[in-house]
There are 2 protein chains.
Amino acid sequence: MVYTSEHPIFYVTTDIVVLTLMDGVLSALAVRRDEDPHAGELALPGGFVREGEDLDAAARRRLADETGVEVDELVLEQLRTYGAPDRDPTRGRVVSVAHLSVIPAPLAASPGARTREALWLPVAELPGTLAFDHNQILDDAIERTKAKLEYTALATSFLDAEFTLAELRSVYESIWGSELDPGNFQRKIRNSEDFVEPTGQTRRSPSGRGRPAELFRARKRRTEQLASPLTRVAL
Amino acid sequence: MVYTSEHPIFYVTTDIVVLTLMDGVLSALAVRRDEDPHAGELALPGGFVREGEDLDAAARRRLADETGVEVDELVLEQLRTYGAPDRDPTRGRVVSVAHLSVIPAPLAASPGARTREALWLPVAELPGTLAFDHNQILDDAIERTKAKLEYTALATSFLDAEFTLAELRSVYESIWGSELDPGNFQRKIRNSEDFVEPTGQTRRSPSGRGRPAELFRARKRRTEQLASPLTRVAL
DNA sequence: TCAAAAGTGTTTTTTTTACACCCATGC
DNA sequence: GCATGGGTGTAAAAAAAACACTTTTGA
């Protein structure tokens, strides 16, 4: 491999914003850094991309390594690349390709084997607590997530494979911070081509009371475009 | 500056997809490469990011250098980063931060001073003519552009500072490939908060015939979110 | 005065919203 | 039976679509 030195040298990292709903609270995964730039501070999981490694493969690997989050069909999309010249002055020119991932709460609650100090922080309680430009990255990720709920099947990524429409509705309500009419929500989802499909089974509500709800599964594999957007259903 | 060599070394480039409408035909700017990987082939304008240079500054500089396109308030947004390990095997690991830019046709038609061989190609006539992974980048850019017409003021970026609503409508029609009802379009645009504002002047149509149209200017600086989306106005 | 292009009005259709009501279950 | 949450019906309101019609200009 030929490295001509006529061009400046960069290091490339990936940072991953992993979002989940912990009891209805939008939360992001953070790790406490033990290496020196910003050692001891909180940051997004991430790290250097290896030789011959794809950008999203690096994100997947670091996520598994640092936090134990490892899924076969993990929703992971590129968010944006952050490359301000002074964003990591101690280590040279470091460009970070940020990724966004959304996982179901139960998965989030079971830390894997190699988990160091990884913790879920409600995004509302993160005014400026993260190292580097990670607060900016987190903000961008949240904005993108809110927007994508409207025109993709992303909401289902916060839930397990099978879910009730009430659970799905509560994803929207939690993230948008507004209440949705249950009846109208029901119709919109059922009428959206290719969004969800019934499993034929039902599940009783956690309290045990009330009519059992039908179970659905996502038809689109999680974050694809919807035929028609959902338009923030009103109260 | 300290370069530890424990992490792999990357080169970072920017590639820019510049779109315009040449007589109603969506066209992208391409350059003929004179350096060796893929010398003689067509490619997107772009090049290596310099030391201490911001990613979008690099895109702006390369665009001006290679093609003579230089605007004070150039619409330029990050599209996506392409970093497959084998995307440029001859030069090592090269990651490209692709950008998207939209400029008015007249500006496109006047090549600047340092223009090498830069040419506008109708995007429909580019099945797979570009070097590297630039066909993929172009496809992504076009998809993004089509989508953004719906919910941002991006359409105005294809036009000069002052334009008629018929001109604006023809931007949508050209890019979406469908006809729009002139009356309904008029109303939608006028009723969209913060989209356009009248200049108070009028302009006769190119043929000279017909009632002169009111002139408008973009209120939102070109690619920001609209209060309410435009929903592909129908025939 | 006629054709052409801009712009307005008006009706029909569709979608969204609000909210009443019925259904299925556990206690 | 009754409280609770799931799910359906329906009428009012708003938005979108279709299209007729008026306006302003040059030839």
Side-chain angles (χ1 to χ4, degrees), chain A residues 23-24 149-151 155 159 162-174 176 178-193 195-217 226-235, chain B residues 23-24 149-151 155 159 162-174 176 178-193 195-217 226-235:
Chain A
D23 300 312
L149 285 190
E150 248 173 299
Y151 59 92
L159 301 173
E162 303 200 343
F163 49 85
T164 69
L165 293 188
E167 288 165 351
L168 183 61
R169 176 164 48 86
S170 99
V171 170
Y172 286 89
E173 292 178 330
S174 300
W176 283 346
S178 56
E179 305 226 318
L180 272 40
D181 181 286
N184 294 337
F185 183 82
Q186 190 106 200
R187 246 181 312 243
K188 282 214 107 171
I189 301 299
R190 290 185 127 106
N191 293 341
S192 290
E193 219 33 59
F195 191 2
V196 297
E197 65 186 5
T199 65
Q201 309 207 233
T202 59
R203 174 196 292 165
R204 282 187 284 290
S205 85
S207 65
R209 271 182 285 283
R211 173 176 171 178
E214 283 184 56
L215 281 174
F216 292 82
R217 74 172 69 89
L226 251 37
S228 53
L230 286 183
T231 66
R232 277 173 150 81
V233 196
L235 175 84
Chain B
D23 300 312
L149 284 191
E150 249 174 297
Y151 59 91
L159 301 173
E162 304 201 341
F163 49 84
T164 69
L165 293 187
E167 288 165 351
L168 184 61
R169 175 163 49 85
S170 101
V171 171
Y172 285 89
E173 291 178 331
S174 300
W176 283 346
S178 56
E179 304 226 319
L180 273 41
D181 181 284
N184 293 337
F185 183 82
Q186 190 107 200
R187 248 181 310 247
K188 281 213 110 172
I189 301 299
R190 291 186 126 104
N191 293 341
S192 290
E193 220 34 58
F195 190 4
V196 297
E197 64 185 6
T199 65
Q201 310 208 232
T202 60
R203 173 196 292 164
R204 282 185 286 288
S205 85
S207 66
R209 268 184 287 284
R211 172 175 172 178
E214 283 184 56
L215 282 174
F216 292 82
R217 72 172 69 89
L226 251 36
S228 53
L230 286 183
T231 67
R232 275 173 151 82
V233 195
L235 173 83

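The figures that follow rest on heavy atoms only: side chains count, while hydrogens, waters and symmetry mates do not. Sequence lines set the chain letters: A, B, ... in the order given, protein chains first and strands last, and positions in each chain run from 1.
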Quiz item: Does A:Arg204 CZ have over 12 foreign heavy atoms under 6.0 Å away?
Solution: no

Quiz item: Do other residues, nucleotides or ligands put more than 12 heavy atoms under 6.0 Å from A:Asp23 CG?
Solution: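 Atom CG in A:Asp23 is not packed in, count stays at 12 or less.
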
Quiz prompt | CG on A:Leu215 to CD on A:Glu167, rounded to 0.5 Å | solution =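 A:Glu167 atom CD to A:Leu215 atom CG measures 7.5 Å (nearest 0.5 Å).
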
Let me know the distance between [atom1] of [X] and [atom2] of [N], rounded to the nearest Å.
| X | N | atom1 | atom2 | value |
| --- | --- | --- | --- | --- |
| A:Glu193 | C:dT15 | CD | P | 13 Å |
| A:Arg204 | D:dG7 | CZ | P | 14 Å |
| A:Gln201 | C:dT25 | CD | P | 14 Å |

Between [options], which nucleotide gets closest to the side-chain atoms of [X]?
| X | options | result |
| --- | --- | --- |
| B:Arg169 | C:dA6, D:dT8, D:dG6 | C:dA6 |
| A:Arg190 | C:dT8, C:dA4, D:dT8 | D:dT8 |
| A:Glu214 | D:dG7, C:dG26, C:dA6 | D:dG7 |

Quiz item: Which heavy atom in A:Phe185 sits nearest to a heavy atom in A:Leu165, and how many Å separate them?
Solution: CE2-O, 3.5 Å

Self-check item: Under the side chain to side chain donor-acceptor pair (under 3.5 Å) test, residues paired with B:Thr164 that sit two or more places apart
Solution: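 In terms of side chain to side chain donor-acceptor pair (under 3.5 Å), with neighbours along the sequence ignored, B:Thr164 is linked to no residue.
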
Self-check item: Contact pattern, 5' to 3', of nucleotides 19-24 of chain D - B, S or - by protein heavy atom under 4.0 Å
Solution: B---BB

Quiz item: When you look at A:Leu149 and A:Trp176, which way does the side chain to side chain contact (heavy atoms under 4.5 Å, CB included) test go after all the steps?
Solution: CA-CA 9 Å; A:Leu149 285 190; A:Trp176 283 346; 3.8 Å; yes

Quiz item: Which sits closer to the 5' end of DNA chain D, A:Leu165 or B:Arg209, going by the nucleotide each is nearest to?
Solution: A:Leu165

Quiz item: If you pin A:Ser207 and B:Ser205 to their nearest nucleotides in DNA chain C, which one's is more 5'?
Solution: B:Ser205

Exercise. Return the 5'-most residue of the pair B:Gln186, A:Thr202 with respect to DNA chain C, ranking by each residue's nearest nucleotide.
Key: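 Whichever sits nearer the 5' end wins; that is B:Gln186.
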
